[in-house]
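Contents: one structure, followed by commentary.
Being a predicted model, the structure only gives us computed values, none of them experimental.
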Amino acid sequence: MTTFDKREEGFEKKFALDEEQKFKAEARRNRLLGLWVAEKLGISGDAAGAYAREVIAADFEQPGDNDVVHKVMRDLSAKGVALTEQQLRVQMDALMAEAIAQVKAGT
């Protein structure tokens, strides 16, 4: 194996690791978001955990975050909780930073 091949293999491994961490961080962010929204909806305990899993599952409907945003906004609106999409996205950004830190720390 040449030096070039070894270098290419190293880049491929790093890319795979980065993608795995990104996936884990997004899933963690969605779980945190689900728990945050559950609190706003008055859901607690096991039901809050179940709701968080619903939010995680919603992320697999289509690429990007819009599927999660639409699900959460529908749920909030149905319960009469006033929250704008912009406020939700700001919270999602804050939770993403927290999720990245948690994934990097291995917690």
Side-chain angles (χ1 to χ4, degrees):
M1 184 177 271
T2 66
T3 303
F4 180 76
D5 290 337
K6 288 179 184 178
R7 186 173 175 184
E8 182 179 15
E9 184 179 317
F11 282 129
E12 288 173 359
K13 285 181 181 179
K14 179 165 179 6
F15 178 78
L17 179 63
D18 289 348
E19 287 299 306
E20 180 183 350
Q21 286 187 328
K22 179 182 174 191
F23 176 80
K24 286 180 180 180
E26 287 176 355
R28 176 78 53 100
R29 187 249 352 243
N30 290 338
R31 183 178 68 78
L32 294 171
L33 178 68
L35 294 173
W36 181 78
V37 172
E39 183 179 322
K40 296 221 170 281
L41 296 173
I43 302 171
S44 61
D46 290 340
Y51 182 77
R53 286 188 294 280
E54 287 179 28
V55 173
I56 293 168
D59 195 24
F60 298 111
E61 292 174 12
Q62 49 184 293
D65 293 333
N66 288 335
D67 44 2
V68 172
V69 170
H70 290 139
K71 185 227 183 322
V72 169
M73 291 302 294
R74 278 192 311 269
D75 295 345
L76 289 168
S77 179
K79 291 288 186 171
V81 178
L83 189 75
T84 66
E85 186 175 326
Q86 181 181 5
Q87 290 170 319
L88 177 62
R89 288 189 183 273
V90 166
Q91 182 65 22
M92 287 174 72
D93 289 343
L95 292 173
M96 185 58 144
E98 184 177 337
I100 289 170
Q102 288 179 5
V103 168
K104 284 184 177 179
T107 58

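- In this structure, Met92 is a member of the same hydrophobic cluster as Leu41, with clusters built from ILVMFWY side-chain heavy atoms closer than 4.5 Å.
- How far CG of Leu88 is from NE2 of His70: 10.0 Å, rounded to the nearest 0.5 Å.
- In this structure, the separation between CZ on Arg53 and CG on Asn30 is 14.0 Å, given to the nearest 0.5 Å.
- When every heavy atom of Ala99 is checked against every heavy atom of Ala25, the shortest pair comes out as CB-O, 3.4 Å.
- With rounding to the nearest 0.5 Å, the separation of CG in Leu95 from CD1 in Ile100 is 11.0 Å.
- Within a 6.0 Å sphere centred on CD of Gln86, other residues, nucleotides and ligands contribute 12 heavy atoms or fewer.
- Taking a cutoff of 4.0 Å between a charged side-chain nitrogen and a carboxylate oxygen, Asp67 and Lys71 do not qualify as a salt bridge.
- Side-chain contact between Leu32 and Gln102: present, with at least one pair of heavy atoms (C-beta onward) separated by less than 4.5 Å.
- Note: the hydrophobic cluster containing Val72 also contains Val69 (ILVMFWY, side chain heavy atoms under 4.5 Å, direct or indirect links).
- Side-chain contact check for Phe23 versus Val103: every heavy-atom pair is 4.5 Å or farther apart.
- In this structure, CD in Glu98 is found 9.5 Å from CZ in Arg28, a value given to the nearest 0.5 Å.
- Taking all atoms of both residues into account, the shortest heavy-atom contact from Leu83 to Met73 is O-CE, 3.0 Å.
- Taking CG of Asp65 as the start and CG of Leu33 as the end, the distance is 9.5 Å to the nearest 0.5 Å.
- Of all non-hydrogen atoms in Arg31 and Ala52, the two that sit nearest each other are O-CB, 3.7 Å.
- Side-chain contact check for Lys22 versus Glu26: some heavy-atom pair is nearer than 4.5 Å.
- Interatomic distance, CZ of Arg29 versus CD1 of Ile56, reported as 10.5 Å (0.5 Å rounding).
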